[in-house]
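Encoded as structure tokens, the structure appears first; notes follow it.
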There are 2 protein chains.
Amino acid sequence: MSEKRRPTLEDVAEAAGVSRATVSRVINGVRNVDPKLHEIVWQAVDATGYVPNRAARSLVTRRSGTVALVVSDAVSHDDDPFMRRFFADPFFGRIVGGVMSVLRPKGVQLALQIVGTQEARTRLVGDLGQGQADGAVVLSLHPDDTLPQQLCDAGIAAALVGRPAQPVPISYVDLANDAGGALAAEHLLGRGCTRLGMITGPAHVPASQDRLTGFRQALARHGHAWFPIAEGGFTYESGESAMLALMAEHPGLDGVFVANDLMAQGALMALRTRNVRVPDEVAVVGFDDSSAALDARPQLTTVRHPLEDMAAETTRLVLARIDDPSLRVESVIFDPKLVVRQSA
Amino acid sequence: MSEKRRPTLEDVAEAAGVSRATVSRVINGVRNVDPKLHEIVWQAVDATGYVPNRAARSLVTRRSGTVALVVSDAVSHDDDPFMRRFFADPFFGRIVGGVMSVLRPKGVQLALQIVGTQEARTRLVGDLGQGQADGAVVLSLHPDDTLPQQLCDAGIAAALVGRPAQPVPISYVDLANDAGGALAAEHLLGRGCTRLGMITGPAHVPASQDRLTGFRQALARHGHAWFPIAEGGFTYESGESAMLALMAEHPGLDGVFVANDLMAQGALMALRTRNVRVPDEVAVVGFDDSSAALDARPQLTTVRHPLEDMAAETTRLVLARIDDPSLRVESVIFDPKLVVRQSA
DNA sequence: TTGTACGCGTTATCAA
DNA sequence: TTGATAACGCGTACAA
């Protein structure tokens, strides 16, 4: 890019009147350095405008100074409607924000990787094993995803955002989805609803199951042994039709917990179609606190998913494991909060 | 990661019975290599499982083998509702897909960078100048964004997805937004609408202006000298209120062109609120063909924005400029297509 | 066409 | 505590 040569350690050393080695030690914060030299060196760094050469450093440290953000789906990105849905949620952006918030201060690069096919997954694990990145923050979006196991087998420093669908000894950060379901139940009961129903997400998604379980247990604690359920697919449309089905079979419902905001938005549309007033006739609680919650009419009361914080924590887990590969597998669970708006 | 040392060029050379240099030449596809050796070397590469060391290569080639995907906004990510909107669109995911489709085959890494503050922008330009990445695909989301100019001044290989808001000698790829506006106009007129209106995006966004211009000119060609306009902010809510305003002031409208799908979705909601049938009483055409177009009821007839292709082309522009910095600034314009669904 | 040898900018080892 | 000096793995003039 620039015409003139970038300053190197040697240049700084000359400017400071010391040796390369000393400058290197100062910059890397190694102890055993004369405080006087310390200052002199930093001044020289400033004066020369020195910036460490990542490649040279990587070559000798055998670290890339990069962490990969891997989005793993069952099928290729382009063909899959769910993948479009995934990006359609603010989900991804929030995660990126959380990851960057811890990577940036450490000067670590974020390399984005999206793997849809089995071949791509295998290649990715190979690349990571070759040191393309020092570790990986992984979003595994499909229950049959083999990537967590592969990463584990390859001994790669990685952690998942969200509990792995299958039991794999890999670190992860998750939300107490069951607690979220309980929050929704308590809130609906608290506002006087007595005939509750739920629209769940896909049965094979762990988060979806947990939300159902939490909702069910909280209701059971209040004596509600049973409630009608309709299964959706986390999409707007599925929420709409699930709500229609629920209303057709159980006309007396006065409260519904929907496993994500997008479906809840669809459910609101269905209620509107049937001229049912929300929340007066039927109260609706969503999940995620995504932008869909604000777009909805009425605005959604929903369970907030602190994705940024969770992504940041996941990144810390990965970084810690890069520093010390002997660290044991760990999981961190976040607690959800209820955000009360208009729909319940 | 792995216990044993990774194979190096030296190992391959030994296995093939040639010198390091020859192996290097074969791998990098340099001419002047004996075809026989060529094959022998590749077999040795296979046998040893050799993979080039990026750091070592970078050190000598002075290339990072990385392209940055930069999202530049006027304010910090977390605070800005527009940023959430941005990620809320499938926009970002589609662009990532397009970029990766050309980077992956070339073995180039994608480094994600999100800069919200002026300080972050300056630091980014510095980092890129230091060779953190060889070039940048840039999404500039704010009219006052100084990043394009800064990149230009720093002589960094970069190209924008979307026309820069201010005239800057930098390569970009854009959509013929005006042609898209014209498509919408022709379609509405073609289906017999005679009293048209438009909901525009923010006046300072170039794409928004162009859509309006194209719509206007096409109508003018058919004798429609004037039509009512309401300005929105590319959000669902703004589309909803713009539509309400339009209906209040111009009750006779029978067709509306909305500058993006999200606003169009809001407009549909407004029409529904007023019990106006779509498309029978009022036809609606959106823009982008985002997932919002499919979520809408009725599903949106809209102008398709070939974002993946555009992002891929932008990436090619960046790559070409990395290879040959003397390449002149270039722009590539894509043509939109009309996707007919139910709303018009 | 192939091989030798040097340099890329760091970190790390070992004397001093 | 500091300073030479040896890797790190690769590309490439230059010589053969």
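In what follows, chains are A, B, ... by sequence order, proteins preceding strands, each numbered from 1.
- Within 6.0 Å of atom CD in A:Gln149, more than 12 heavy atoms from other residues, nucleotides or ligands are found, so the atom counts as buried in its surroundings.
- At least one donor-acceptor pair closer than 3.5 Å links the side chain of A:Asp134 to the backbone N or O of A:Gly65.
- Within the nucleic acid shown, A:Thr8 comes within 4.0 Å of sugar-phosphate atoms alone, with no base atom in reach, counting heavy atoms only.
- Residue pairs meeting the side-chain hydrogen bond (donor to acceptor under 3.5 Å, both in side chains) criterion with at least one partner in residues 46-60 of chain A, sequence neighbours excluded, are A:Asn28-A:Arg57.
- Residue contacts for A:Arg20: at a heavy-atom cut-off of 4.0 Å it reaches a base atom on one of the strands shown.
- Note on B:Val30: nothing from the nucleic acid sits closer than 4.0 angstrom, heavy atoms only.
- Between the two ends of the helix from C:dT1-D:dA16 to C:dA16-D:dT1, each summarised by a five-pair axis, the helix axis turns through 40° (rounded to 10 degrees).
- Distance B:Arg57 CZ to C:dG7 C1': 17 Å, rounded to the nearest Å.
- In this entry the distance linking CG of A:Asn32 with P of C:dT13 reads 14 Å, nearest Å.
- Boundaries of the chain A contact region on DNA chain D are D:dT1 to D:dG9, first to last in 5' to 3' order (nucleotide atom under 4.0 Å from a heavy atom).
- Among the atoms of the strands shown, only primed sugar atoms or phosphate atoms (P, OP1, OP2) are found under 4.0 Å from some heavy atom of A:Val51.
- Within 4.0 Å (heavy atoms only), A:Leu9 reaches at least one base atom of the nucleic acid.
- Checking C:dT2, C:dT11, C:dT10 against every side-chain atom of B:Asp34, the shortest atom distance belongs to C:dT2.
- Under the side chain to side chain contact (heavy atoms under 4.5 Å, CB included) criterion, A:Pro143 pairs with A:Ala165, A:His204, not counting sequence neighbours.
- A:Leu9 has its side chain within reach of A:Ser24: a pair of non-hydrogen atoms, C-beta onward, lies under 4.5 Å apart.
- Closest to the side chain of A:Val60, from the set C:dG3, C:dT1, C:dT10, is C:dT10.
- With sequence neighbours excluded, the residues that form a side chain to side chain contact (heavy atoms under 4.5 Å, CB included) with B:Pro164 are B:Leu160, B:Ile170, B:Tyr172.
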For nucleotides 14-16 of chain C, which of its nitrogen or oxygen atoms have a protein nitrogen or oxygen under 3.5 Å away, and what is each distance?
none

